[in-house]
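The structure appears below as C-alpha cells.
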Amino acid sequence: MSDKKLEEFENKLKADIKIEPRDWMPDDYRKNLIRMMSQHAHSEIVGMLPEGNWITRAPSLKRKKILMAKVQDEAGHGLYLYCATETLGADRKDLIEQLNTGKAKYASVFNYPTTTWADMGAVGWLVDGAAIMNQVSLQRTSYAPYSRAMVRICKEESFHQRQGFEIMEVMSNGTKEQREMAQDALDRWWWPALMMFGPHDANSPRSAKSLLWKIKRETNDELRQRFVDRVVPQADFLGLKIPDPDLKWNEKKGGHDFGEIDWDEFYSVVNGNGPCNRERLKARTEADENGRWVREAAEAYAAKHAS
Ligand code: BYC
C-alpha cells in the first residue's frame with residue numbers, strides 16, 4: 001500500500017470529504033464496508049418476512065395497503081443497498097449466497113415471531129425507530145454511496161416508524177383486549193429492539209476501526225441510549241409500561257438508566273439459534289429458488305438483445 005495514497009485517504013476523512021467508489025481506499029476499509037452494508041441489505045430483505053406474515057390478516061383494507069407499501073419499501077431498501085455494496089466490487093450473487101447459507105449476519109431482531117396484529121405496531125414503532133436512530137447517524141458515513149442511500153432510506157423509515165406508533169396509539173386507546181395486546185407486544189419487542197444496536201462498545205470488535213474511518217459516526221451504546229431516551233416519553237404517552245424494572249431517569253447524566261440486555265440470548269440469536277432463524281433462511285432459500293426462472297429469463301432476454 002502506498003503511504004501517499006493512505007495519507008490522501010486519511011486527509012479526506014479528516015476533512016469530512018466522502019469517499020467515492022473510484023477513489024483509492026485501503027483494502028480493510030473496503031472489506032469492512034462490504035460486510036456492514038451487505039448485512040444491512042440482508043436485514044432489509046429478511047425484515048420483510050415478519051411483517052409479510054400479517055399482510056393477509058391485516059384488520060382492514062386500509063391497514064393492508066399501508067403494510068404492503070411498507071414491506072415493498074423494505075424490498076426497495078434492500079435492493080438499493082445491494083447496489084451500493086456492488087460499487088465496492090462485491091458480487092450480489094455471492095452476497096445472497098452468503099445470506100442463504102447462513103454465513104452472513106442480518107439484524108437479530110428479525111428472528112423473533114410476529115404473533116399478533118399489535119406486533120405490526122411494535123415493530124414499526126420500536127424496530128423501525130431503532131433502525132432510524134442508527135441510520136440517521138449513518139447518513140454521515142464516510143462512504144458516499146452508503147451515505148446517499150441512508151438519506152433516502154431514512155425518509156421512508158420515518159413514515160414506517162410513525163405508522164407503527166399510530167397502530168399502537170389506536171390499540172392502547174381501544175378495548176381492554178387491545179390495550180393488553182399492545183402491552184404484550186411492547187413486552188416482547190423491547191429487548192430485541194435494544195439488541196439491534198449491537199454489543200456494548202467495550203465488546204464491539206468492529207467499532208474502533210469503523211469509528212476511526214468514519215464508517216460509523218457514533219457508538220453502539222451512544223445510539224442505544226438516545227433511543228431509550230426518545231422512546232420512554234412515547235411509551236408514557238401511550239400509557240404503556242416498558243418491561244424494565246431498572247429503567248429510571250438519571251438527572252446527573254441527563255438520560256435514563258436502564259437494565260442489562262440478556263447477552264446470552266443476543267449471541268444465541270446472532271449465531272443462528274433464535275426462535276425463527278431456520279424459518280427465515282428457509283423462506284429466503286425458497287424465494288431464491290422460486291425466482292430462478294425469472295432471473296434466467298431476464299438474462300436470456302438481455303443476452304439476445306445485446307447481440
Ligand atoms: N444483529 O463489532 P460490532 C431495518 C454483529 S434493518 C446481528 O458492534 P459493527 C428494517 C456484527 O455485525 C436495519 N448481528 O459490529 C428492515 C458483528 O459481526 P461480524 C439494520 C449483529 O458492525 C425491515 C458482530 O456482531 N441496520 O431498518 O461495528 C423492517 C460484532 O458487533 C448485531 C443495519 O444493519 C445485531 N443486532 O456494529 C424494519 C445498520 N449487532 O460481521 C426495519 C448498519 C452486532 O463481525 N449496521 N452484530 O461477524 C450497523 O450499524 C452495525 O453493523 C451494527 C453493529 C451497529 C449493527
Side-chain angles (χ1 to χ4, degrees), residues 40 43-44 46-55 57-60 62-74 77 107-138 150 153-198 223-244 247 255-256 258-259 261 269 276:
H40 194 164
S43 304
E44 300 281 357
V46 178
M48 294 161 71
L49 296 168
E51 290 180 299
N53 177 37
W54 278 92
I55 290 176
R57 290 173 290 162
S60 69
K62 181 181 146 203
R63 292 290 186 202
K64 195 198 226 8
K65 277 161 52 183
I66 295 172
L67 188 59
M68 276 171 68
K70 179 181 191 291
V71 173
Q72 279 182 352
D73 284 352
E74 312 297 359
H77 298 171
S108 49
V109 74
F110 300 120
N111 292 305
Y112 291 84
T114 44
T115 52
T116 75
W117 172 252
D119 289 13
M120 294 305 94
V123 167
W125 172 37
L126 300 173
V127 176
D128 287 88
I132 297 172
M133 199 53 83
N134 170 285
Q135 290 172 166
V136 164
S137 179
L138 286 175
M150 288 298 98
I153 288 173
C154 280
K155 289 197 177 120
E156 291 180 349
E157 296 284 22
S158 54
F159 156 74
H160 297 170
Q161 191 274 348
R162 265 178 268 165
Q163 69 83 37
F165 188 76
E166 197 258 345
I167 293 177
M168 294 303 271
E169 204 180 348
V170 169
M171 294 196 79
S172 25
N173 288 301
T175 62
K176 179 173 169 289
E177 284 78 8
Q178 285 175 315
R179 269 199 306 282
E180 282 167 4
M181 278 167 75
Q183 181 62 55
D184 168 62
L186 169 57
D187 291 347
R188 285 180 293 107
W189 289 95
W190 175 251
W191 293 106
L194 290 196
M195 291 175 195
M196 285 178 75
F197 295 94
L223 292 169
R224 186 169 17 241
Q225 177 71 52
R226 191 173 306 146
F227 174 73
V228 171
D229 292 338
R230 181 75 53 87
V231 170
V232 169
Q234 296 172 349
D236 285 346
F237 176 82
L238 294 173
L240 300 176
K241 191 170 163 19
I242 289 178
D244 179 357
L247 182 73
H256 292 85
F258 52 97
I261 286 171
V269 177
C276 300

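Counting begins at 1 with the first residue of the sequence. All figures in this text were calculated on a predicted structure; none of them were measured in a lab. Note: hydrogens, waters and symmetry copies are ignored here, and every other heavy atom, side chains too, is used.
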Q) Do Leu49 and Phe110 come close enough that some side-chain heavy atom pair is under 4.5 Å? A) no

Q) Which pairs pass salt bridge (charged side-chain N to carboxylate O under 4.0 Å, His left out) with one or both residues in residues 232-242, sequence neighbours excluded? A) none

Q | Residues in side chain to side chain contact (heavy atoms under 4.5 Å, CB included) contact with Lys62, at least two apart in sequence or another chain | A | Ser60, Ile66

Q. Is the backbone N or O of Ile55 less than 3.5 Å from a side-chain atom of Lys64, with the two atoms forming a donor-acceptor pair by type?
A. yes

Q: Please examine the side chains of Tyr112 and Pro50, heavy atoms only from C-beta on, and report whether any two atoms are closer than 4.5 Å.
A: no

**Q.** All side-chain hydrogen bond (donor to acceptor under 3.5 Å, both in side chains) counterparts of Asp184, not counting sequence neighbours
**A.** Arg188

Q. With Glu44, which residues qualify under salt bridge (charged side-chain N to carboxylate O under 4.0 Å, His left out), at least two apart?
A. none

Q | With Ser108 via side chain to side chain contact (heavy atoms under 4.5 Å, CB included) - residues at least two apart | A | Met195, Phe266, Val269, Val270

Q. Which distance, rounded to the nearest 0.5 Å, do you find between the SG of Cys276 and the CG of Asn53?
A. 9.0 Å

Q. To the nearest 0.5 Å, what is the distance between OG1 (Thr116) and CD (Glu180)?
A. 12.0 Å

Q: May I ask you to decide if Asp119's main-chain N or O and Trp189's side chain share a donor-acceptor pair within less than 3.5 Å?
A: no

Q. If you look only at pairs with a residue in residues 223-232, which of them pass as a side-chain hydrogen bond (donor to acceptor under 3.5 Å, both in side chains), with sequence neighbours excluded?
A. Glu218-Arg226, Asp221-Arg224, Gln225-Asp229, Gln225-Lys253, Asp229-His256

Q: Go through the structure and list residues passing side-chain hydrogen bond (donor to acceptor under 3.5 Å, both in side chains) with Arg162, not counting sequence neighbours.
A: none

Q: Output the distance between atom CD (Gln183) and atom CZ (Arg179), rounded to the nearest 0.5 Å.
A: 11.0 Å

Q.
If I compare all heavy atoms of Ala193 with all of Ala130, which pair ends up nearest, and what's the gap?
A. O-CB, 4.1 Å

Q: Mind checking side chain to side chain contact (heavy atoms under 4.5 Å, CB included) for Asp244 and listing every partner two or more places apart, or none if nothing turns up?
A: Trp190, Trp191, Ile242, Asp246, Leu247, Phe258

(Q) Using the rule given for side chain to side chain contact (heavy atoms under 4.5 Å, CB included), can you reason through Gln234 versus Trp125, listing the C-alpha separation, both sets of side-chain angles and the distance that settles it, and then say yes or no? (A) CA-CA 10 Å; Gln234 296 172 349; Trp125 172 37; 2.8 Å; yes

Q.
With rounding to the nearest 0.5 angstrom, report the OG1 to CE distance, Thr115 to Met181.
A. 8.5 Å

Q.
The criterion is ring-ring contact (aromatic ring centres under 6.0 Å, His included); which residues satisfy it with Phe227, sequence neighbours excluded?
A. Phe197

Let me check something: any side-chain donor-acceptor pairs from residues 163-174 under 3.5 Å, sequence neighbours excluded? List them with distances.
from   : atom 1 : to     : atom 2 : distance (Å)
Gln163 : NE2    : His160 : O      : 3.3
Glu166 : OE1    : Arg63  : NH1    : 2.8
Glu166 : OE1    : Arg63  : NH2    : 3.2
Ser172 : OG     : Met168 : O      : 2.4
Asn173 : ND2    : Glu169 : O      : 2.9

Q: Using a 4.5 Å cut-off on heavy atoms from C-beta on, say whether the side chain of Met120 contacts that of Lys70.
A: no

Q. Would a 4.5 Å heavy-atom cut-off, applied to side chains only, mark Glu74 and Asp128 as touching?
A. yes

Q) Which residues pass the side-chain hydrogen bond (donor to acceptor under 3.5 Å, both in side chains) test with Glu156, sequence neighbours left out? A) His77

(Q) Quick check: closest heavy atoms across Thr114 and Trp54, and the distance to 0.1 Å? (A) O-NE1, 3.0 Å

(Q) Please report the interatomic distance CG(Leu186) to CG(Leu126), rounded to the nearest 0.5 Å. (A) 6.0 Å

Q: Could you tell me which residues satisfy side-chain hydrogen bond (donor to acceptor under 3.5 Å, both in side chains) with Asn134, sequence neighbours excluded, listed by chain and number?
A: none

